[in-house]
Structures are given as structure tokens and as C-alpha cells.
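Quick note: residue numbers are just sequence positions, from 1.
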Amino acid sequence: MRGGTERSHHGETSEALYLTSGYVYDTAAQGNARTADEEAGYVYGRFGNPTVTMFEDRLALIEGADACQATATGMAAVFASLMSQLRAGDHVVASRVMFGACYVVIDQLLPRYGIETDLVDGTDLDAWERALRPETRCIFMESPGNPTMPVIDIAAVSALAHGVGARVVVDNVLGMPTVQRPLALGADVVVYSTTKHVDGQGRCLGGAILGGDAFFADDLVPFIRTTGPVMSPFNAWVMLKGLETLELRTARMCETAERLAAFLEGHPAVDAVHYPGLASHPQHALAARQMSRGGSVIAFDLAGGWDAAFRFLDALELIDISNNLGDAKSLATHPASTTHQKIGADARALLGIGDGLVRFSVGLEAEADLRADLERALAAAEG
Ligand SMILES: *Cc1c(COP(=O)(O)O)cnc(C)c1O
């Protein structure tokens with residue numbers, strides 16, 4: 001709530017929004033000292049901003065990280081967290097089930113720069129062990145994975161990765177800072193799309209990278225300063241206010257999601273529900289160990305396939321059809337035709353993304369209203 005706040009001489013209660021791209025030096029010598037990192041202080045907006053620093057410091061405190069770098073989007077965070085520490089000849093292993101754009105970065109972009117990548121079933125420890133090599137520099141995983149919700153043993157995979165000297169990067173968007181703490185489980189770097197639960201009200205894009213001082217000093221900060229994917233002060237101010245209510249919002253979302261997942265599981269139009277908080281989830285015991293709640297996102301397979309999924313979405317009156325997640329407004333999407341369209345049918349089959357799969361991001365509406373909307377849409381799905 002208060003961590004990171006740096007109150008100005010005006011004594012404002014809410015954090016100040018410093019909309020400035022540059023900073024003024026008192027003397028030429030001071031400009032020289034700041035540029036040489038001999039004197040603390042801001043030099044240019046690409047290097048830092050007081051509002052952005054307040055957001056970074058607050059999120060670092062929540063996450064238990066040495067340092068935080070805010071970025072323009074979640075994808076800027078994912079790309080910079082990897083590209084800042086990789087070079088040609090390095091090898092990356094990633095868990096296959098992930099956000100569509102992360103999949104494209106790892107499967108298609110990194111190989112263009114001479115970085116070899118392997119995708120594995122993240123829930124299979126033997127598969128990780130077989131894929132790791134002496135030249136493996138990074139492990140990337142999303143847990144729970146978007147959109148089919150597999151849960152990966154972060155502690156066990158981190159131990160394997162550290163055995164070959166690789167750094168572990170966890171995309172913790174679905175875990176959320178309030179539910180899962182990858183650094184405490186052994187991961188080295190955590191990335192967020194703060195567009196999701198941190199803003200949580202559908203206003204701004206943003207991202208964050210959290211990790212240790214050595215990674216920041218040697219790799220990340222020089223990369224960010226020269227390539228420039230930083231968060232704007234305005235967006236940082238919105239995110240900072242989002243952090244004040246993050247715990248309340250995500251607790252309520254999880255509570256509603258836990259109840260609606262159980263309701264969906266009992267419905268005849270639904271073949272399967274993928275939610276870490278349900279006893280039927282294949283990694284439920286692991287999820288109970290490394291997550292404090294089940295999360296705010298539920299995926300489920302409709303028995304009637306693609307057509308049933310479209311009938312379901314079109315019949316919703318309260319829940320919006322949208323690709324976003326983590327918003328105060330409940331949102332539903334059809335991954336096969338939207339978020340995971342670009343990876344193609346073969347990759348979708350490998351990831352278990354069926355034609356009838358719906359991803360449902362639970363918001364802050366009354367549970368009874370959401371349940372009534374789901375009931376109506378499920379009846380339409382049944383035709
Ligand atoms: C949304 C999302 C991203 C990308 O974030 P943007 O802010 O849209 O760039 C990355 N990973 C996961 C798991 C996401 O849900």
C-alpha cells in the first residue's frame with residue numbers, strides 16, 4: 001500500500017505523477033557525475049522516472065525481489081528478460097503451453113538470432129531433464145500456463161536448471177503476485193504483463209521484470225537503457241494505484257472463480273474444466289503447494305466443439321467477448337480462433353487447445369449474475 005512512495009515537498013497523499021522526459025542539472029559537473037553513475041539522480045526518461053521508480057519499488061517489495069524494471073507491455077518484459085541475457089549459440093528450454101505471443105518469440109524469433117530453442121511438456125520433469133544441456137542459458141515457463149492451465153513444479157524445474165547453470169524465467173501472469181511467488185520457489189526472474197491484474201481495470205498496457213541485482217546490473221539494465229522499451233510515467237501511475245487494491249481484487253476474483261469452476265464442472269454442456277483449484281486438475285496437489293488460491297482464470301471444453309463455443313460466446317449478455325484477462329469485468333475468449341490462432345492447428349493440437357475450449361477470466365461482478373449468464377450461454381451452446 002505504501003511501499004516505494006516518495007512524497008515530494010508538497011506533502012501529497014497520493015503519489016505524484018511526474019510527466020517529464022528529461023531532468024535539469026545544477027551544474028555541468030553534476031551532469032557529468034550523473035552520467036558516469038558517480039552521483040545518484042535521474043538523467044533521462046529512458047533511464048528512469050520518479051513515478052515509474054515508485055511503481056517498481058512497490059512491486060519489488062510485494063514480490064520479494066532485489067529489483068524491478070517496468071516495461072511498456074508484458075511482451076516487452078518477456079522479450080527483454082530473455083534477449084538481454086542470450087547470445088548466438090545459447091540454448092533455451094521452455095514449457096510448451098504459454099501465451100500465444102510468448103510462443104512466437106521462443107519458437108520463431110529467438111532462432112533467427114542463432115539461439116536454439118526446445119519446447120517441452122512442462123509438467124514432465126523427465127522431459128526437462130532430457131532437454132537441458134551445458135549450453136542451456138535460460139528456462140522459460142508460464143505456470144499456470146495459458147490457456148489450458150497446466151501447473152509446473154517451479155522448485156523442481158529450477159533445481160534441474162541450476163544444475164546446468166541456466167537461469168529460470170517465470171511468466172507469472174496467471175499466478176499473480178498475490179497467489180504465487182516464483183522467486184521464493186527458486187526461480188531467478190519473474191515477468192508480468194501488468195496490463196492484466198495489476199492495472200486490473202482495462203486501462204493501460206504495461207509489464208515488469210523482477211530479479212536479482214547481478215542480473216539487473218550485468219544484463220537487463222544496460223539492455224533496457226539502450227533499446228528503450230520502458231513504461232510511461234502515466235501508465236506507471238495507473239499501475240501504482242492498481243497495486244493498492246491488487247490483493248482485495250484478486251482475492252475476490254479467486255473466490256468467485258473457485259465457485260464458478262465447481263459449477264461449470266457439474267454442467268452437462270461442459271466436457272472438462274481446467275482450473276488448478278479443482279481436485280480434478282491433474283496437478284492439483286502441486287498447485288495447492290505452490291499457489292495460495294486457484295487463480296482468476298478458468299478454461300473449459302464445450303462438448304459441442306467450435307460451433308458450441310461460438311454459440312456460447314454469442315449468447316453471453318454480461319460477460320464480454322475479449323482477449324484480455326485479469327480485468328474487473330469478466331471476459332471470455334475462444335483461444336483457437338483468437339489468442340492461439342497464429343500458432344496453427346498442429347501446434348494447438350500439441351498444446352491441447354481444442355476447438356471447444358473457452359478461456360474465462362473472472363472479474364468482480366456478483367457471482368449470482370455471472371452464474372446466470374453462464375447458465376444462459378451454456379444452454380445456447382447445447383443448441
Ligand atoms: C497478456 C500476456 C502477456 C503479454 O502481455 P501484454 O501486456 O499484452 O504485452 C504475456 N504473458 C501472459 C501469460 C499474458 O497473459
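Residue A336 comes nearest to W306 through the heavy atom pair CB-CZ3, 4.0 Å, listed as atom of the first residue, atom of the second, then distance. C254 and V179 make their closest contact through SG-CG2, 4.1 Å (heavy atoms, listed as atom of the first residue, atom of the second, distance). Among all heavy-atom pairs drawn from L286 and V151, the shortest one is CD2-O, 3.6 Å.
Between the side chain of S84 and the main chain of F223, no donor-acceptor pair closer than 3.5 Å is present. In this structure, the side chain of H284 engages the main chain of L278 through a donor-acceptor pair within 3.5 Å. With hydrogens and angles disregarded, a donor-acceptor distance shorter than 3.5 Å links the side chain of S330 to the backbone of G363. Checked by atom type and distance alone, the side chain of D90 pairs as donor or acceptor with a backbone atom of R87 at under 3.5 Å. In this structure, the side chain of W128 engages the main chain of G122 through a donor-acceptor pair within 3.5 Å. Not one N or O on the side chain of R34 forms a donor-acceptor pair closer than 3.5 Å with the backbone of V43. In this structure a side-chain-to-backbone donor-acceptor pair under 3.5 Å is present from H162 to S158. With hydrogens and angles ignored, the 3.5 Å screen pairs a side-chain donor or acceptor of T20 with a backbone N or O of G22. With hydrogens and angles disregarded, a donor-acceptor distance shorter than 3.5 Å links the side chain of W237 to the backbone of E15. The backbone N or O of G242 lies less than 3.5 Å from a partner atom in the side chain of R249, making a donor-acceptor pair.
Around CD of E6, the count of heavy atoms belonging to other residues, nucleotides or ligands within 6.0 Å does not exceed 12.
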Checking R58 against T5 for the side chain to side chain donor-acceptor pair (under 3.5 Å) test, could you report, in this order, the C-alpha distance in whole Å, the side-chain angles of both residues, the deciding distance, and whether it holds?
CA-CA 8 Å; R58 187 171 294 173; T5 300; 2.9 Å; yes
Salt bridge (Lys or Arg N to Asp or Glu O under 4.0 Å) between R348 and D355: does it pass, once the steps are laid out?
CA-CA 9 Å; R348 278 199 299 278; D355 284 352; 5.2 Å; no
In sequence, state the C-alpha distance, the side-chain angles, and the governing distance for E63 and R181, and then conclude on salt bridge (Lys or Arg N to Asp or Glu O under 4.0 Å).
CA-CA 7 Å; E63 197 70 35; R181 309 187 67 220; 5.8 Å; no
Please evaluate residues N146 and R359 with respect to the criterion side chain to side chain donor-acceptor pair (under 3.5 Å), reporting the C-alpha separation (whole Å), side-chain torsions for both, the decisive distance (0.1 Å), and the verdict.
CA-CA 9 Å; N146 182 1; R359 190 191 73 193; 3.2 Å; yes
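Remark: K196 qualifies as a cation-pi partner of F99 under the 6.0 Å distance and 45° angle criteria applied to the six-membered ring.
No side-chain donor from either of T178 and E247 sits under 3.5 Å from a side-chain acceptor of the other. Counted by atom type alone, T136 and H91 present one or more donor-acceptor pairs between their side chains at under 3.5 Å. With 3.5 Å as the limit, one finds no donor-acceptor pair spanning the side chains of Q201 and D327. Checking Q108 against Y103 by side-chain atom types alone, no donor-acceptor pair falls below 3.5 Å. Side chains of S322 and K329: a donor-acceptor N/O pair is absent below 3.5 angstrom, by distance only. For the residue pair N49 / Y42, no side-chain donor-acceptor distance below 3.5 Å is found, with atom types taken as modelled. Between the side chains of E142 and S95, no donor-acceptor pair of N or O atoms lies under 3.5 Å. For the 3.5 Å distance criterion, the side chains of R203 and N235 fail to qualify, holding no donor opposite an acceptor. For the residue pair R167/Q85, the side-chain donor-acceptor check at 3.5 Å is satisfied.
Screening T194, V238, L246, L205 for a side chain to side chain contact (heavy atoms under 4.5 Å, CB included) with D199, the sole residue that qualifies is V238. The side chain to side chain donor-acceptor pair (under 3.5 Å) test with S14 is passed by exactly one of E244, K241, R7: K241. Just one of V170, L185, V120, I139 meets the side chain to side chain contact (heavy atoms under 4.5 Å, CB included) condition when paired with V157; it is I139.
Between E367 and R371 there is a salt bridge, since a side-chain N of the basic residue sits under 4.0 Å from a carboxylate O of the acidic one.
In this structure, H334 has its ring center closer than 6.0 angstrom to the ring center of F310.
Here Q290 contributes atom CD and Q283 contributes atom CD; the two are 9.5 Å apart, rounded to the nearest 0.5 Å.
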